[in-house]
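First up is the structure itself, then whatever we jot down about it.
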Amino acid sequence: MKKIQMVDLQGQYQQIKETVDTSIQSVLDTSTYINGPLVKDFQKDLEDYLEVKHVIPCANGTDALQIAMMGLGLQPGDEVITADFTFAATVEVIALLQLTPVLVDVEPDTFNIDIEAVKKAITPRTKAIVPVHLFGQVANMDAILEIAKEHNLYIIEDNAQAIGANYTFKDGRKQKAGTIGNVGTTSFFPSKNLGCYGDGGAIFTNDDELAHTIRGIVNHGMYTRYYHDVVGVNSRLDSIQAGVLKAKLPHLDSYCNARRNAARFYNNAFANNPNIITPTTKSNATKNCGQICEVCDCHVFHQYTLQITNGKRDELHQHLLEKEIPNAIYYPVALHAQKAYKDDRYNEADFPVTNDLIKNVISLPMHTELDNEQLTFITETINNFIK
Ligand SMILES: *Cc1c(COP(=O)(O)O)cnc(C)c1O
């Protein structure tokens, strides 16, 4: 059996080596390292793929979030609602911009931001909601759009984990994750579903004016060279990374399908285990069809995350490491309990789901190169340990 990896970047590279190498070589041959033609090419390709008017590439997914918030003109003291159970980058940039983070609980089945909790958190100072499409599944955008409309709030989609996912609205219409709110952001960190071979990120929007503002912000606040109209940042996607991404983008849908296939194998293998809850794939159109099928292309399985309900999550984590099965706890600490983001405003009673998830979740190997032998070994090992 091939050695099991959490993410198999080498195996994936070998499949596309020729195109990637040619892309990178063209940058070396022309020395167009910054803002070369490949950056523009990739931008255009991604706009077409996402069916969005503007893609603005930048240096990483954290910058993308920060720049999106700067572009919307959010001001110190403005309250921004986001999920308590996610990677810290989202709350980090809110805090860095001296906005007020308002962390709320998540849904027990999808791990995405809880709609009732969002409603409860709204005050006259609330300016934006940042749904994070966690582990590859799009949050309940029908409901979030309704709330935003009612209270006149911006929506910034943190789409770092769900690029390629489709959201199906109540009326059956579909739209790509990250293009539904006022602005969406993503990361091209190597392990993401569309990853480069270094750092990278992008911002998406259908709003021409916002796109213009953001294009200046990423480039030192310049709209005309050496005329600085606003305080900006320096955040670029370099040409080599753009070349890698341009080579990989045509494979994104098949990558997402490979992930869904692995998820389907896992789901079937754990279906009868009373102490394991498998991830729910759910969209408003299908509610919970319980399957990973075409209609559930709302989930692209950036992570495949189980809940272990018999209290043996930590023992399983150790056991799998002994068996050389990589696994990870995403995430071990609720953001509201992190030293950097603690605040007297938070009440433990408001976070029952997150407080439960941090004790029970475990993420299994998930990538495009998992084979049946590996998946069989992983699932049998787990089913033998958790009964
Ligand atoms: C990876 C990630 C980010 C940050 O992306 P970087 O490119 O590492 O800065 C932000 N939000 C979420 C949900 C992520 O998973």
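Each ligand, and each atom within it, is numbered from 1 in the order the structure gives. The shown structure was predicted, so the numbers you read here are calculated from the model rather than taken from an experiment. Heavy-atom basis, side chains included; hydrogens, waters and symmetry copies ignored.
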May I ask you to decide whether [X] forms a salt bridge with [Y], counting only side-chain N to carboxylate O separations under 4.0 Å?
| X | Y | answer |
| --- | --- | --- |
| D314 | K359 | no |
| D350 | K120 | yes |
| K323 | E380 | no |

Next on the checklist: Need the ligand 1 atom indices (1-based, order shown) with element for anything under 4.0 Å from a heavy-atom of N60.
Outcome noted: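 Heavy-atom distances to N60 below 4.0 Å select 7 (O), 9 (O).
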Checklist entry - Counting each atom of ligand 1 from 1 as listed, which ones have a heavy atom of V132 under 4.0 Å away? => result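 So the atoms of ligand 1 that pass are 13 (C).
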Nearest neighbour in protein (non-hydrogen) for [atom]:
| atom | result |
| --- | --- |
| atom 4 (C) of ligand 1 | T62 OG1, 3.5 Å |
| atom 11 (N) of ligand 1 | D158 OD2, 2.8 Å |
| atom 15 (O) of ligand 1 | Q161 NE2, 2.8 Å |
| atom 10 (C) of ligand 1 | A89 CB, 3.6 Å |

Checklist entry - Between F188 and F42, what is the ring plane arrangement, given parallel below 30°, perpendicular above 60°, and tilted in between? => result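 The arrangement is perpendicular - the two ring planes meet at more than 60°.
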Checklist entry - Considering residues, nucleotides and ligands other than E51, do more than 12 of their heavy atoms fall under 6.0 Å from its CD? => result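 Counting other residues, nucleotides and ligands, CD of E51 stays at 12 neighbours or fewer.
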Checklist entry - Do the ring centers of Y223 and H212 come within less than 6.0 Å of each other? => result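 So the answer is yes for these two rings.
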Item to check | Min heavy-atom dist K192 to ligand 1 below 4.0 Å | outcome: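 For ligand 1, residue contact (heavy atoms, under 4.0 Å) with K192 is present.
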